[in-house]
Amino acid sequence: MAQNISWEEARGILRKLREEQVRDGDLVVKLWEDVLMDASHKLGNELWNVYEQVCVASLDCQRLDVTEMCIAALDAKFPGSVRVKRLEGMLLEAEGSYAKAAEIYQDISDKDDANMFAKKRLVAILKAQKKIPEAIDKLNDYLKKFMTDYEAWNELCDLYLALHDYTNASFCLEELIMSNPHNHLYHQKYADLKYTYGGTENMELARSYYAQAVKLCPNNMRALYGLFLSATNLSMSSGKGAKERSLNSKYAAWAADQISTKYKAQQPEEQLRETKVLESIEKLLESLQVST
C-alpha cells in the first residue's frame with residue numbers, strides 16, 4: 001500500500017498523525033522506509049520531527065534497527081539533548097537494559113526536577129520488572145508534585161488493583177471522578193471495583209455508578225451489563241425488603257431491554273455471536289420474576 005502513496009501524501013499522513021497525537025507504529029515505519037527515507041532531505045527542518053516520530057513508532061513495533069538509526073541521526077544533530085537522551089532510555093528499556101535506562105532517567109530527573117516524563121519512565125521500569133510495591137511508592141511520590149496528572153492516577157489505580165488493594169484503588173478512582181465527572185469510563189471502572197469487592201453496600205454503589213456511566217454514555221455496553229448484574233444481585237438479596245427487590249428487578253429489566261435492543265441493531269453475524277449472552281439474560285430475568 002505504501003508504495004502507491006506519493007512522497008507528499010506520506011509526509012501529510014505523518015504530519016496528521018503528529019498533530020492528532022495518534023500512534024500507529026507499523027504505518028509510520030512503513031511510510032518512512034518505503035516512501036520518505038530515500039528523499040528525506042526534502043523534508044528540510046521537519047526531518048528532525050519525523051526522525052523523532054519514526055523513532056517512537058519503531059519502538060512500538062520492535063524495529064530496534066530503525067530506532068538506533070533515528071537516535072544516531074538526532075544525536076549527531078542535537079548532542080546532549082534531553083529529548084534524545086529520553087529516546088536512548090526508551091531503547092534501553094526495549095532491549096531489557098532496565099538498570100542503564102534508569103540511570104539515564106534518574107540523571108534527567110536530577111538535572112530537571114520538573115521533568116514528568118523521566119519520573120514516569122522510572123515507574124514504568126519498576127512495573128516492567130514486576131516490582132509493583134516499589135512502583136506504587138515511586139508513583140505516589142510523583143503525584144505529590146504532579147497531582148493533576150490524571151493518567152498517573154489511573155495508572156496508580158491499576159497498580160493497586162494488581163495487589164488487590166481495593167481501598168486505595170477506590171481512592172484513586174474517586175480522585176479521577178472528581179477531576180472529570182463527565183468521563184463515563186471512570187464511573188464504570190469505579191462500579192467494576194465495587195461490584196468485585198462485593199457486599200450489599202458495595203453492590204448498591206456499583207449499581208449507582210453503572211447507572212451514571214450509562215447516563216453519560218448510553219452505548220457503554222459494559223456499564224449496561226454491570227447495571228443488569230448488580231441490580232439482579234440486589235433484587236435477589238434476602239436482606240432487602242420486597243419494595244427494594246421489586247425496584248431493582250425493574251432496573252435489571254430495563255438494562256436487559258437496552259442490551260437486547262442494541263444487539264438487535266447489529267449486523268446478523270454479530271447477533272449470532274451474542275445469542276447465548278441474550279439467552280442467559282432472559283433466563284436471569286425469568287428467575288427474577290419468580291423471586292419477586
Side-chain angles (χ1 to χ4, degrees), residues 1-129 139 142 146 148-152 154-155 185:
M1 180 186 109
Q3 289 88 342
N4 300 323
I5 295 176
S6 70
W7 188 91
E8 289 78 10
E9 288 173 325
R11 180 180 62 181
I13 291 171
L14 292 196
R15 279 180 178 174
K16 186 175 178 63
L17 291 174
R18 287 200 305 275
E19 289 168 1
E20 297 180 357
Q21 297 184 342
V22 174
R23 286 170 68 159
D24 188 334
D26 291 324
L27 175 62
V28 170
V29 172
K30 192 161 187 62
L31 288 174
W32 169 254
E33 290 188 319
D34 294 351
V35 184
L36 294 171
M37 184 170 64
D38 291 339
S40 60
H41 62 278
K42 293 164 62 178
L43 287 165
N45 288 331
E46 188 181 358
L47 173 63
W48 311 111
N49 289 328
V50 170
Y51 266 133
E52 188 172 12
Q53 182 181 14
V54 173
C55 185
V56 174
S58 61
L59 284 167
D60 287 344
C61 57
Q62 287 295 299
R63 285 292 309 278
L64 303 189
D65 56 323
V66 176
T67 308
E68 290 173 356
M69 179 273 296
C70 291
I71 290 175
L74 288 166
D75 191 44
K77 176 67 175 178
F78 307 104
S81 165
V82 171
R83 288 173 68 168
V84 177
K85 288 291 182 186
R86 283 166 40 179
L87 295 172
E88 290 174 356
M90 292 167 69
L91 173 60
L92 288 167
E93 283 187 72
E95 293 172 339
S97 301
Y98 296 122
K100 291 181 180 178
E103 286 179 12
I104 288 177
Y105 297 140
Q106 190 60 58
D107 182 60
I108 293 172
S109 183
D110 290 342
K111 292 177 180 176
D112 179 11
D113 193 49
N115 193 302
M116 299 168 68
F117 179 89
K119 294 179 185 297
K120 291 169 80 171
R121 293 316 306 168
L122 287 169
V123 174
I125 287 173
L126 291 169
K127 183 181 176 182
Q129 294 175 301
L139 195 49
Y142 168 85
F146 305 101
T148 57
D149 187 339
Y150 303 118
E151 180 183 287
N154 201 27
E155 178 65 25
L185 294 176

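Residue numbers start at 1 and run along the sequence shown. Side chains are part of it too, since the values below use all heavy atoms of this structure and drop only hydrogens, waters and symmetry mates. Remember, predicted model here, so these are calculated numbers, not experimental data.
Salt-bridge check for Glu33 with Arg63: passed, with a basic side-chain N closer than 4.0 Å to an acidic carboxylate O. Here Lys120 does not pair with Glu155 in a salt bridge; the nearest charged N to carboxylate O distance is not below 4.0 Å. A salt bridge is absent between Glu19 and Arg15; no separation between the charged side-chain nitrogens and carboxylate oxygens falls under 4.0 Å.
Between Ala101 and Gly89, the shortest heavy-atom contact is CB-O, 3.5 Å. Of all non-hydrogen atoms in Thr67 and Cys55, the two that sit nearest each other are CG2-SG, 3.7 Å. Counting all heavy atoms, side chain and backbone alike, Ile5 lies closest to Ala10 at CG2-N, 3.6 Å. Heavy-atom minimum distance, Ala102 versus Ile125: N-CD1, 3.6 Å.
The CZ atom of Arg11 sits 12.0 Å away from the CD1 atom of Ile13 when rounded to the nearest 0.5 Å. Note that the CD1 atom of Ile108 and the CD atom of Glu103 stand 12.0 Å from one another [nearest 0.5 Å]. Note that CG of Leu92 and CD1 of Ile104 are 5.0 Å apart. Values are rounded to the nearest 0.5 Å. Atom-to-atom distance recorded for Leu139:CG and Leu122:CG is 11.5 Å, nearest 0.5 angstrom.
Judged as a ring-ring contact (aromatic ring centres under 6.0 Å, His included), the pairs with a partner in residues 73-124 (not counting sequence neighbours) are, in order, Trp48-Phe78. Applying the salt bridge (Lys or Arg N to Asp or Glu O under 4.0 Å) test to residues at least two apart or on different chains, the pairs with a partner in residues 108-117 are Asp107-Lys111, Asp113-Lys119, Asp113-Lys145. Pairs passing the side chain to side chain donor-acceptor pair (under 3.5 Å) check and including a residue from residues 83-92, sequence neighbours excluded, read Glu52-Arg83.
Under the rule for a side chain to side chain contact (heavy atoms under 4.5 Å, CB included), the partners of Asp24 that lie at least two apart in sequence or sit in another chain are Asp26, Leu27. Annotation: side chain to side chain contact (heavy atoms under 4.5 Å, CB included) contacts of Met37 (sequence neighbours excluded): Trp32. Contacts of Lys42 classified as side chain to side chain contact (heavy atoms under 4.5 Å, CB included), with partners at least two apart in sequence or in another chain: Trp7, Ala39.
With contacts defined as side-chain heavy-atom distances shorter than 4.5 Å, the pair Leu64/Leu59 qualifies. The shortest distance between side-chain heavy atoms of Asp60 and Val28 does not fall below 4.5 Å. A heavy-atom distance below 4.5 Å is found between the side chains of Cys61 and Val29.
With a 6.0 Å radius and a threshold of 12 heavy atoms from other residues, nucleotides or ligands, Glu151 has its CD atom at or below the threshold.
Here the side chain of Ser58 pairs a donor or acceptor atom with the backbone of Val54 at under 3.5 angstrom.
Among Lys16, Arg18, Arg23, the one residue that satisfies the salt bridge (Lys or Arg N to Asp or Glu O under 4.0 Å) test with Glu20 is Lys16.
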